[in-house]
**Q** 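The following block contains the structure, expressed as structure tokens.
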Amino acid sequence: MSETATTATDNDSEPSPQEAWDKMSLLQQRAAVFRVQCGRETAEAFVVAFVLALLFRAFIAEAFVIPTGSMAPSLMGAHKDIFCDQCNQQFPIGASLEYREPSTENVVVGGICPNCRHVNSLDLKNNPDDATFSGDRILVSKFAYAISDPDRWDVIVFKVPVNPKQNYIKRLVGLPNETLSIMHGDVYALPTTPTDDGEPSDRDGGSDGGDITVSGGSQSLGTILRKPPEKLLAMQHLVYDSKHQAAALIEADYPARLQPWRPGLTTPPDDSWEVTRTDAGLIAKVNAGEEAEWLRYYHRWPTRDEWERAEAGLSLANVDPYRGRLISDFYAYDAYLFVDSDRVYDLKPSPRGVSRLQRIMGQTRSDGVFKPTYQSGGDLSQFRNHLQYGGTGYAGDGVHWVGDLLVTADIETAADAKKLTMEIVEAGIQYRCTFDLASGQATLSIEGDGPKLFDAADSKISNPNPTASTSVTAGSRHEIRFSNCDNELLLWVDDEVIAFNTPTTFNAANFTNPQDTRPVYDGKGNPLDASPVGIAVQGGTSTLHQLKIDRDKYYIATKDGNSRMLDYDMPGLSEFAGSVVRVEEIQAVMGEPDIWDQFPGWASRRVVSFPIGEDQFFPMGDNSPESLDARCWAGTKERFGRNRSVDPDAYLFSDASYVPRDLLVGKALAIFWPHPWRSPVPFTPNFQRMRLIR
């Protein structure tokens with residue numbers, strides 16, 4: 001009975017795979033084969049794509065997110081984008097401190113405009129674009145340095161020597177086999193030859209005529225390192241833009257920063273340039289005769305009391321139009337104002353509950369719950385003495401004088417105009433570019449106590465005045481950019497670099513002793529560094545539609561990341577003064593031209609040097625005051641007691657002021673996804689910042 005049941009079960013069982021296959025028609029068999037092959041090919045494609053992605057990420061390119069502001073404003077970490085509520089100038093401020101703890105312990109509530117210096121209060125509750133945005137997302141080539149050496153001024157990604165598990169991004173400044181020095185914001189290189197252990201030794205070769213020596217000739221720094229034009233433009237910082245005018249200052253008759261001037265006069269002449277300001281910007285017009293008519297820039301902005309008067313509708317017409325101060329290394333990115341988060345929120349923002357899509361779109365933390373007493377967008381005096389300024393505490397202005405400037409003028413001349421001159425003053429020396437408007441020829445000159453010479457193309461022939469042909473002629477309108485940076489004069493006409501017939505480089509040490517370099521003031525009739533930019537026209541009518549001034553990068557000379565990032569020997573200054581000298585006092589000196597000559601701080605500025613050996617690289621951040629870079633790494637692990645490791649070689653380079661070749665990751669190529677805007681609609685792409693990294 002059981003056998004019968006068993007037989008019946010066997011007969012009713014499903015056919016074997018082979019039997020099922022044999023029963024299929026030819027068409028069914030082909031369809032089955034196609035299904036199996038497609039499934040296998042799909043699986044193989046996914047596997048191959050996954051492997052290729054891993055290989056691409058490991059060897060070709062990888063995406064990174066910028067966490068901090070050490071490379072700002074070229075590359076930005078967590079930050080806020082602001083449009084000034086007075087002049088509408090757009091500028092970013094850092095907000096990385098909001099992300100230093102799991103929950104938000106500090107909140108950025110305001111920022112200082114680099115153009116008009118108005119303190120902007122952020123409306124965190126009602127304006128979505130005042131929220132904190134995540135850092136730039138960049139693409140890094142990991143293959144670039146496998147086939148070629150890094151170039152100076154590249155933006156590089158590397159494993160930071162003090163913690164090789166962490167990636168850093170900085171700009172490469174010092175190269176192997178040289179001694180890099182920093183003096184007065186500029187960098188210098190002295191070639192060296194490596195010893196057997198790869199460390200640099202004595203200098204290789206003799207002087208090329210461009211050497212800088214300090215301390216009575218006892219220390220040679222080598223030659224100044226000059227940035228190519230495209231790098232110079234990528235690294236510049238805004239000082240002033242006449243296109244953006246503060247409405248309250250116009251109403252209060254606060255004097256414009258651009259003023260007509262003639263040699264020897266102490267008040268603006270009435271029959272020279274006519275300056276008109278509106279919300280749309282500043283326009284200056286002149287009908288010049290045979291004598292040059294000058295329009296000069298005076299670097300100043302209202303004090304806090306003057307801003308309050310202007311916003312209250314009171315007059316500021318009594319402000320001296322020729323009052324000026326030194327252009328400094330002010331970083332708007334670092335001029336953020338913040339308070340403890342419990343003064344803004346009842347429930348602090350945190351990473352919890354933020355989706356992956358929200359993170360991609362730039363939101364990394366929840367919105368939080370505001371305190372009922374917080375006046376969002378209201379006057380920052382609501383925080384009284386709890387308000388803090390930047391990472392330094394004195395971020396209302398810079399601390400170091402910057403003389404390297406870039407000036408851009410949108411200027412239109414009539415057919416009867418004869419000559420146009422652009423001037424930049426540094427340390428009392430006048431650097432000029434003069435256009436003959438009949439021929440378009442541009443001529444460069446260096447003037448001070450008599451004419452100065454540029455570097456010679458031939459050692460036997462002096463080079464007083466390089467010349468070039470341009471399209472800047474009478475009856476035309478052009479955007480002209482003129483710069484004096486890194487001991488080199490450059491000229492752009494309509495965004496094209498102009499080539500001169502002889503070198504436009506020079507050695508400023510031939511004009512003044514580096515240790516004695518200081519700003520010069522000879523009264524209102526000859527302001528020099530108190531009015532470092534000027535434009536002059538001879539003959540006919542001309543219209544200046546826009547004037548924009550930028551400054552070059554200023555690298556602070558320091559070897560200590562624990563103390564304040566300053567060039568000055570503060571203990572020495574305090575000993576000289578007989579009391580403690582505060583940074584705010586140095587900032588005050590910059591606004592008092594009459595005492596510049598007596599200020600001992602100019603001579604107290606440090607010069608620091610770093611030897612770089614074989615296969616060693618020296619990077620620094622663009623945001624020099626807030627960048628932990630090769631200047632400050634040495635000894636960091638030891639100072640903080642974090643040098644313990646089971647692997648004795650884990651921190652082999654933690655006390656070194658360089659990055660070894662083995663720790664290079666790659667070259668930064670492009671910002672492929674900056675933060676999106678949250679208005680007029682959420683996730684509006686920020687195309688303006690999608691660009692190649694220079």
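Because the structure is a prediction, the values reported are computed rather than measured.
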**Q** Side-chain contact test, heavy atoms from C-beta onward, threshold under 4.5 Å: evaluate it for V239 versus P114 and give yes or no.
**A** no
**Q** Which heavy atom of G440 sits nearest a heavy atom of T470, and at what distance?
**A** O-OG1, 2.5 Å
**Q** Let me see the working for V275 and L282 under side-chain contact (heavy atoms from CB on, under 4.5 Å), right down to the final yes or no.
**A** CA-CA 7 Å; V275 178; L282 179 149; 3.6 Å; yes
**Q** Let's go through H478 and S476 carefully: what are the C-alpha distance in whole Å and the side-chain angles of both, what is the deciding distance for side-chain hydrogen bond (donor to acceptor under 3.5 Å, both in side chains) to 0.1 Å, and is it a yes or a no?
**A** CA-CA 7 Å; H478 297 277; S476 61; 3.0 Å; yes
**Q** Can you see which heavy atom on V173 is nearest to which on L225, and at what distance?
**A** O-CD1, 4.0 Å
**Q** Using side-chain hydrogen bond (donor to acceptor under 3.5 Å, both in side chains), reason through H400 and D329 one step at a time and then give a plain yes or no.
**A** CA-CA 6 Å; H400 306 96; D329 62 335; 2.9 Å; yes
**Q** Walk me through it: do I446 and Q430 pass the test side-chain contact (heavy atoms from CB on, under 4.5 Å)?
**A** CA-CA 6 Å; I446 305 175; Q430 298 157 313; over 6 Å; no
**Q** Let me see the working for D241 and Q546 under side-chain hydrogen bond (donor to acceptor under 3.5 Å, both in side chains), right down to the final yes or no.
**A** CA-CA 7 Å; D241 188 347; Q546 182 181 8; 2.8 Å; yes
**Q** Would you compute the distance between atom OH of Y555 and atom OG of S624 and round it to the nearest 0.5 angstrom?
**A** 7.5 Å
**Q** For the residue pair E311 / H118, report whether a side-chain donor-acceptor contact shorter than 3.5 Å exists.
**A** yes
**Q** Could you give the distance from CD1 (I498) to CG (L490), rounded to the nearest 0.5 Å?
**A** 11.0 Å
**Q** Say whether Y554 and D186, considering side chains only, have a donor N or O and an acceptor N or O under 3.5 Å apart.
**A** no
**Q** Kindly check if the number of other-residue, nucleotide or ligand heavy atoms within 6.0 Å of CD (Q598) is above 12?
**A** yes
**Q** Taking atom CD of E585 as the centre, does the number of heavy atoms from other residues, nucleotides or ligands within less than 6.0 Å exceed 12?
**A** yes
**Q** Would you please name every residue forming a ring pair (Phe, Tyr, Trp, His ring centres under 6.0 Å) with H237, sequence neighbours left out?
**A** Y331
**Q** Any salt bridge between E447 and K452, counting N to O under 4.0 Å?
**A** no
**Q** So F506 and N484, do their side chains get closer than 4.5 Å, heavy atoms only?
**A** yes
**Q** For A310 and L249, work out which heavy atoms get closest and say how close.
**A** CB-CD2, 4.0 Å
**Q** So, do F599 and W602 have ring centers that fall under 6.0 Å from each other?
**A** yes
**Q** Just wondering, more than 12 heavy atoms not from E584 lying within 6.0 Å of its CD?
**A** yes
**Q** Would you say the ring centroid of Y431 lies under 6.0 angstrom from that of F482?
**A** no
**Q** Determine whether the side chains of S74 and D622 contain a donor N or O and an acceptor N or O closer than 3.5 Å.
**A** yes
**Q** If you count the non-hydrogen atoms of other residues, nucleotides and ligands that lie under 6.0 Å from CD in Q90, is the total more than 12?
**A** yes
**Q** Would you call E488-K227 a salt bridge at under 4.0 Å N-O?
**A** no
**Q** For K418, I'd like to know if atom NZ has over 12 heavy atoms of other residues, nucleotides or ligands within 6.0 Å.
**A** no
**Q** For the residue pair D397 and S328, confirm or rule out a side-chain donor-acceptor distance under 3.5 Å.
**A** yes
**Q** Side chains of D597 and Y521: closer than 4.5 Å at any heavy-atom pair?
**A** no
**Q** With the threshold set at 4.0 Å, does a side-chain nitrogen-carboxylate oxygen contact exist between D550 and K548?
**A** yes
**Q** Honestly, is R296 close enough over W294, meaning NZ or CZ under 6.0 Å from the six-membered ring centre and within 45° of the axis?
**A** yes
**Q** Please determine if E306 and R323 form a salt bridge, counting it only when a charged side-chain N lies under 4.0 Å from a carboxylate O.
**A** yes
**Q** What I want to find out is whether E230 reaches R694 closely enough, with some N-O distance under 4.0 Å, to be called a salt bridge.
**A** no
**Q** Would you check if F435 and T421 make a side-chain contact, meaning some heavy-atom pair closer than 4.5 Å?
**A** no
**Q** Ignoring hydrogens and angles, state whether a donor on the side chain of Q236 or D552 is under 3.5 Å from an acceptor on the partner side chain.
**A** no
**Q** State plainly whether the residues K524 and D320 are in salt-bridge range, i.e. N to O under 4.0 Å.
**A** yes
**Q** How long is the span from the CG atom in N501 to the CG atom in L444, to the nearest 0.5 Å?
**A** 9.0 Å
**Q** Looking at D458, I want to see if its CG is surrounded by more than 12 non-hydrogen atoms of other residues, nucleotides or ligands under 6.0 Å.
**A** yes
**Q** Is the shortest side-chain heavy-atom distance between L326 and H299 below 4.5 Å?
**A** no
**Q** Among side-chain atoms of K419 and T434, is any donor-acceptor pair under 3.5 angstrom?
**A** no
**Q** Check P255 against V319 and note the closest heavy-atom contact, atom names and distance.
**A** CG-O, 3.2 Å
**Q** Answer whether the closest heavy-atom distance between the side chains of L547 and T408 falls below 4.5 Å.
**A** no
**Q** Would you name the heavy atoms of D81 and H79 that are closest together and state the gap between them?
**A** OD2-NE2, 3.5 Å
**Q** Mind listing the closest non-hydrogen atom pair of R262 and P269 along with its distance?
**A** NH1-CB, 3.8 Å
**Q** Is there a donor-acceptor contact under 3.5 Å linking the side chains of Y297 and R257?
**A** yes
**Q** Do T505 and D455 pass the side-chain hydrogen bond (donor to acceptor under 3.5 Å, both in side chains) test, and can you show the C-alpha distance, the side-chain angles, and the key distance before you say yes or no?
**A** CA-CA 6 Å; T505 57; D455 293 338; 2.7 Å; yes
**Q** Would you say that L258 contacts Y298 through its side chain, given a criterion of any heavy-atom pair below 4.5 Å between the two side chains?
**A** no
**Q** Between D629 and R171 (salt bridge meaning N to carboxylate O under 4.0 Å), is one present in this structure?
**A** no
**Q** Between D404 and R551, is there a salt bridge with N-O shorter than 4.0 Å?
**A** no
**Q** I would like to know whether R631 and M620 meet side-chain contact (heavy atoms from CB on, under 4.5 Å); could you show each step before the answer?
**A** CA-CA 7 Å; R631 296 169 297 170; M620 291 193 286; 3.5 Å; yes
**Q** Could you walk me through whether E592 and R325 satisfy the salt bridge (Lys or Arg N to Asp or Glu O under 4.0 Å) test, starting with their C-alpha distance in whole Å, then the side-chain angles of each, then the deciding distance to 0.1 Å, before giving a yes or no?
**A** CA-CA 7 Å; E592 299 293 339; R325 59 184 298 118; over 6 Å; no
**Q** Distance check, rounded to the nearest 0.5 Å: C113 atom SG versus D85 atom CG?
**A** 9.0 Å
**Q** Testing K243, H545, R477 one by one against D410 for a side chain to side chain donor-acceptor pair (under 3.5 Å), which residue passes?
**A** R477
**Q** Show your working on side-chain contact (heavy atoms from CB on, under 4.5 Å) between E626 and S70 and close with a plain yes or no.
**A** CA-CA 6 Å; E626 293 201 2; S70 68; over 6 Å; no
**Q** Crowded around D449 CG? As in, over 12 foreign heavy atoms under 6.0 Å?
**A** no
**Q** Between the side chains of S542 and K285, does any donor sit under 3.5 Å from an acceptor?
**A** no
**Q** What distance do I549 atom CD1 and S242 atom OG have between them, rounded to the nearest 0.5 Å?
**A** 9.0 Å
